[in-house]
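Shown next, in structure tokens, is the structure this report addresses.
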2 protein chains.
Amino acid sequence: MFDVRPGTNPDRSRVRNRKAVLGLINSAGQMGRAAVARSLGLSTQAVSNIIAELEVEGLLIERGAQSAGRGLPAVQYGVNPEGGVALGVEIRPDVLLTSLVDLSGKPRATRRQVLDDLSPSRVTVAVLKLRDWMLKECGFTNERLLGAGIVMPGPFGTTGLSGQASDLPGWQTVDVAGLFSQEIGRPVIVSNDANAAAMAERFSVAQGLTDYAFLYFGAGLGLGLVHRCQLVDGAFGNAGEIGHLPVMADAERKPLEQVVSRVSIQSALAANGPLDIEALDRLCKAKDPALMRWLETACDALGQAVGVIENLFDPQTVILGGAMPASILDHLANNTPLPELSVSNRPDAIHPRLQCGTSGRMTATFGAAALILNRAFTPQSTAMWERPPA
Amino acid sequence: MFDVRPGTNPDRSRVRNRKAVLGLINSAGQMGRAAVARSLGLSTQAVSNIIAELEVEGLLIERGAQSAGRGLPAVQYGVNPEGGVALGVEIRPDVLLTSLVDLSGKPRATRRQVLDDLSPSRVTVAVLKLRDWMLKECGFTNERLLGAGIVMPGPFGTTGLSGQASDLPGWQTVDVAGLFSQEIGRPVIVSNDANAAAMAERFSVAQGLTDYAFLYFGAGLGLGLVHRCQLVDGAFGNAGEIGHLPVMADAERKPLEQVVSRVSIQSALAANGPLDIEALDRLCKAKDPALMRWLETACDALGQAVGVIENLFDPQTVILGGAMPASILDHLANNTPLPELSVSNRPDAIHPRLQCGTSGRMTATFGAAALILNRAFTPQSTAMWERPPA
DNA sequence: CCCGATAACTCAACTAACTTGAATATTAAA
DNA sequence: TTTAATATTCAAGTTAGTTGAGTTATCGGG
């Protein structure tokens with residue numbers, strides 16, 4: 001499951017340091033060699049060598065010198081968006097979504113393909129084809145592909161939450177990461193939609209944050225937790241199943257998902273027939289009374305959930321995103337009553353307690369790619385989580 | 001706050017590898033050089049050098065050769081309990097508790113000192129004195145002291161939960177870690193009681209586990225989260241404030257702490273006057289009716305809380321511990337109804353969903369020391385969580 | 001009972017990656 | 001104009017891990 005080798009040798013040191021340099025420059029926008037060296041606790045020379053290497057490989061580009069006070073102006077380097085791309089794959093019961101995201105976190109291509117047969121073999125074939133199309137369309141060679149992130153409906157393995165409609169038939173016993181990495185020939189990371197979407201925020205709203213929670217509107221409602229720049233996904237990859245959190249709504253105790261989710265909007269607005277994101281956006285902007293009523297109970301329930309997340313996890317901020325119109329997310333972020341009895345209710349807070357992130361249908365698909373980008377920018381946590389041989 | 005240098009150089013490599021070797025051998029009990037090398041992905045030679053070094057320093061001891069099939073029997077090494085000690089300090093509003101814990105996680109000495117003046121200066125003086133006494137009593141030289149863990153009532157900083165009785169006056173603005181590490185001249189880690197107690201379990205019930213949650217009975221009820229062998233303590237060190245989690249009890253919505261905590265026992269058994277752990281133990285063993293009633297509602301509420309923890313963090317297990325008699329913790333662990341709608345409700349589960357850990361008054365004090373032991377056994381997570389210079 | 005396969009371990013030479021210190025270049029402040 | 005400060009590079013030096021050959025001890029098969 002975890003192929004991390006806790007031991008460090010020269011090779012692995014270099015890999016780590018390269019990631020550290022890239023990640024630092026990425027989150028700072030641009031930096032000079034000396035500044036990077038100070039920040040990482042390495043010698044200027046070491047950083048200089050690494051940066052030279054990364055520049056030759058096209059991962060960094062020079063951005064001219066910048067004078068800051070006395071002394072020789074430092075030559076600035078920034079991450080080259082063209083330096084690499086990550087493939088994002090989202091497998092849903094009804095559809096296969098893919099995207100290509102460049103090193104700066106910007107989506108370059110997206111694909112949406114309805115599949116009648118979602119068997120692993122058919123999906124891998126489709127993904128390979130889509131990868132080639134998108135790479136060609138964006139003018140990237142195959143060598144520039146850093147890896148693929150795969151998003152699938154959780155929970156993984158058989159749990160007390162299994163057997164739902166969102167489960168993919170025929171995938172339960174498959175080693176998904178192994179399958180795809182064999183086919184694609186690149187590193188593959190598998191996760192659920194909320195975790196992936198949370199990672200995507202590292203390239204937008206959560207840039208520079210180390211600890212945050214991401215509430216994701218997908219089929220239901222999911223939670224992605226980021227601690228010290230790394231996903232907290234649980235022992236079996238199923239952390240963040242917040243949909244079943246009991247909240248009070250209409251003087252009743254209900255699962256959060258039943259009050260705050262697209263399904264719950266749909267049932268609140270049943271009279272309008274099936275609604276897609278654009279339709280919801282229009283209704284929100286028109287202040288549709290039924291939607292406003294839904295928003296009121298949703299805000300109230302969301303406030304309770306945010307309180308639980310804050311007190312259990314103590315994040316810098318909680319971010320809302322996913323398959324919802326930005327107008328509704330905005331309303332939720334701005335009108336949710338946040339509990340006073342919370343560790344996050346701090347007078348000296350720098351970040352808002354609740355804010356909006358990326359919205360839209362493709363959020364998790366981009367997030368899938370972000371799993372790979374994050375890997376390129378973050379030295380592996382090397383805590384010893386491998387079991388000693390029996 | 002985090003003084004981690006993400007960059008790796010030969011020196012830091014060695015430090016990491018030493019910790020990896022120690023940690024691996026610690027969790028396995030004993031191992032040979034070759035097995036360690038395989039597990040860490042290092043060459044036998046590298047491990048051999050490191051083990052030789054650790055043996056000279058007294059951190060490892062030879063445990064004889066063990067033949068396993070064909071081939072030269074591997075010389076086994078185990079962690080030498082005498083190799084080092086960690087100082088655990090627990091500062092409470094009413095009392096100062098200290099302990100000395102050896103490398104195997106076994107407490108060697110404990111002290112309980114009532115202080116009328118809890119100012120930082122008085123406490124540091126007292127701690128230094130207690131450290132010297134305990135070191136002398138156990139026959140350890142000062143060089144063998146690995147560091148000190150400090151446990152204080154949370155939450156840290158001013159939050160929406162501040163201003164409670166458990167707050168320590170005069171400590172809010174103090175850099176506690178800096179203060180103590182200056183005085184003691186060793187690494188210092190500061191945390192809250194639940195987090196520390198969770199770390200202590202790595203040396204008993206949670207040995208070999210990578211992901212677990214620990215419910216700690218202290219002044220209230222706290223939660224310690226361990227993910228990939230590392231504490232998840234939140235952006236400001238305040239994660240795990242589970243006491244305010246709303247649960248249903250007696251058909252009402254109440255904070256968990258009001259139903260499951262020592263204070264709540266005390267008010268349920270008000271007729272008996274003030275009760276200490278031993279008194280509670282006697283009542284439990286005598287099946288006192290009032291206590292049994294309390295246990296019933298507590299179990300019910302606990303089940304709800306465990307459900308939330310499981311679905312949000314997906315741990316391998318949830319452990320109960322702290323300032324309660326083992327009899328009560330046992331009852332809770334065995335009689336709590338665990339929700340079926342949980343990702344932890346898996347037919348193929350290896351670990352019990354809920355179990356007992358260390359109980360007693362000193363749990364968190366031992367845990368404080370465990371913070372340091374854990375540091376000695378776990379290579380620092382080197383994710384890049386340092387902010388780039390502004 | 002002996003011999004060969006197997007595995008742990010060590011020695012010595014080798015290599016990769018980072019560090020150090022001197023030299024050079026460029027800028028701002030005195 | 002001089003001086004201090006800073007970035008950068010060059011070249012030599014250091015540390016730690018790797019490699020491959022050789023040694024030793026055990027098991028198991030003939």
Side-chain angles (χ1 to χ4, degrees), chain A residues 5-22 24-25 28 30-57 60 62-77 379 382 388-389, chain B residues 5-22 24-25 28 30-57 60 62-78 379 382 389:
Chain A
R5 325 231 141 195
T8 310
N9 60 16
D11 288 3
R12 298 201 277 260
S13 262
R14 179 66 118 177
V15 171
R16 292 177 57 81
N17 286 344
R18 284 168 50 105
K19 290 185 181 188
V21 169
L22 264 180
L24 187 64
I25 293 180
Q30 56 175 46
M31 280 178 96
R33 299 163 211 253
V36 171
R38 274 191 301 270
S39 214
L40 297 184
L42 294 175
S43 65
T44 332
Q45 188 56 56
V47 171
S48 203
N49 293 338
I50 291 171
I51 286 187
E53 201 176 281
L54 291 171
E55 196 186 4
V56 168
E57 295 170 25
L60 288 180
E62 205 184 306
R63 284 224 214 283
Q66 196 162 58
S67 142
R70 221 180 261 193
L72 183 67
V75 178
Q76 301 297 110
Y77 288 86
T382 34
Chain B
R5 325 230 140 195
T8 311
N9 60 16
D11 287 5
R12 298 202 277 261
S13 262
R14 179 65 118 180
V15 171
R16 292 177 56 81
N17 286 344
R18 283 169 51 106
K19 289 184 182 189
V21 169
L22 265 180
L24 186 64
I25 293 180
Q30 56 175 45
M31 279 178 97
R33 298 164 212 251
V36 171
R38 274 192 300 271
S39 216
L40 297 183
L42 294 175
S43 64
T44 331
Q45 188 57 54
V47 171
S48 202
N49 294 339
I50 291 170
I51 286 187
E53 200 176 282
L54 291 170
E55 195 185 5
V56 168
E57 294 169 27
L60 287 180
E62 204 183 307
R63 285 224 214 281
Q66 196 163 59
S67 140
R70 224 178 257 195
L72 183 66
V75 178
Q76 302 296 112
Y77 288 86
T382 34

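Here is the naming used below: chain letters follow the sequence lines, and residue numbers restart at 1 for every chain. This is a predicted model, so every value here is computed, not measured.
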- Answer yes or no: does a side-chain N or O of B/T44 lie under 4.0 Å from OP1 or OP2 of C/dC9? no
- Task: Please tell me which of A/V47 and B/Y77 maps to the more 5' nucleotide of DNA chain C, matching each residue to the nucleotide holding its nearest heavy atom.
- Result: B/Y77
- For the pair made of CD1 in B/I50 and P in C/dT10, what is the distance, rounded to whole Å? 14 Å
Using atom names, set out every protein N or O paired with an N or O of nucleotides 21-26 of chain C below 3.5 Å, distance rounded to 0.1 Å.
| from | atom 1 | to | atom 2 | distance (Å) |
| --- | --- | --- | --- | --- |
| C/dT26 | O2 | A/L72 | N | 3.2 |

- Task: Give B/N49 one of three labels, base, sugar-phosphate or nothing, depending on what nucleic acid heavy atoms sit under 4.0 Å from its own.
- Result: nothing
- Closest approach of B/S39 to B/L24 (non-hydrogen atoms, all atoms of both residues): CB-CD2, 3.4 Å
- Message: Rounded to whole Å, how long is the line connecting atom CG of A/L42 with atom C1' of C/dC18?
- Response: 8 Å
- Item | Gap between atoms CZ and C1', on A/R12 and C/dC18 respectively (whole Å) | 17 Å
- Message: Here's a test for you: under side-chain contact (heavy atoms from CB on, under 4.5 Å), which of B/L42, B/I25, B/L22 qualifies with B/V36?
- Response: B/I25
- Measuring from B/R33:CZ to B/R38:CZ, what's the distance to the nearest 0.5 Å? 14.0 Å
- Query: When you list every nucleotide of DNA chain D with an atom under 4.0 Å from a heavy atom of chain A, which one comes first 5' to 3', and which comes last?
  - Reply: D/dA4 to D/dT18
- Let me know the distance between CD of B/Q76 and P of C/dA7, rounded to the nearest Å. 16 Å
- Do A/V21 and A/I51 have side chains that get closer than 4.5 Å, going by heavy atoms? yes
- Query: In whole angstrom, what separates A/L40's CG from C/dA17's C1'?
  - Reply: 15 Å
- Over all heavy atoms of both residues, which pair between A/S13 and B/T8 is shortest? Give the atoms and the distance, please. OG-CG2, 3.2 Å
- Message: If you assign each of A/S13 and A/G69 to its closest nucleotide in DNA chain C, which residue comes earlier from the 5' end?
- Response: A/S13
- Task: For residues B/A65 and B/P73, report the shortest heavy-atom separation together with the two atoms involved.
- Result: CB-CB, 4.0 Å
- Taking C-beta and beyond as the side chain, do B/Y77 and B/E62 meet within less than 4.5 Å on heavy atoms? yes
- Message: Can you give me the closest heavy-atom contact between B/R12 and A/L40, atom names plus distance?
- Response: NH2-O, 3.6 Å
- Would you tell me if any nitrogen or oxygen in the side chain of A/R14 comes within less than 4.0 Å of OP1 or OP2 on C/dC18? yes
- Distance below 4.0 Å between B/R70 side-chain N/O and C/dG4 OP1 or OP2: no
- Taking all non-hydrogen atoms of both residues, which atom of A/A74 and which atom of A/G32 are closest, and how far apart? CB-CA, 4.3 Å
- Item | For atom CD1 of B/I51 and atom P of C/dC9, their distance in whole Å | 8 Å
- Testing C/dA16, C/dC18, C/dC9 for proximity to the side chain of B/R33, the answer is C/dC9
- Item | Pairs flagged by salt bridge (charged side-chain N to carboxylate O under 4.0 Å, His left out) wherever residues 45-57 of chain A is involved - sequence neighbours left out | A/R14-A/E53, A/R18-A/E53, A/R18-A/E57
- Task: Look at all strands and tell whether B/S43 reaches a base, only sugar-phosphate, or nothing, counting heavy atoms closer than 4.0 Å.
- Result: base
- Would you kindly compare A/A68 and A/N9 by the position of their nearest DNA chain D nucleotide and give the one closer to the 5′ end? A/A68
- Message: Using a heavy-atom cut-off of 4.0 Å across all strands, would you classify B/S67 as base, sugar-phosphate, or nothing?
- Response: sugar-phosphate
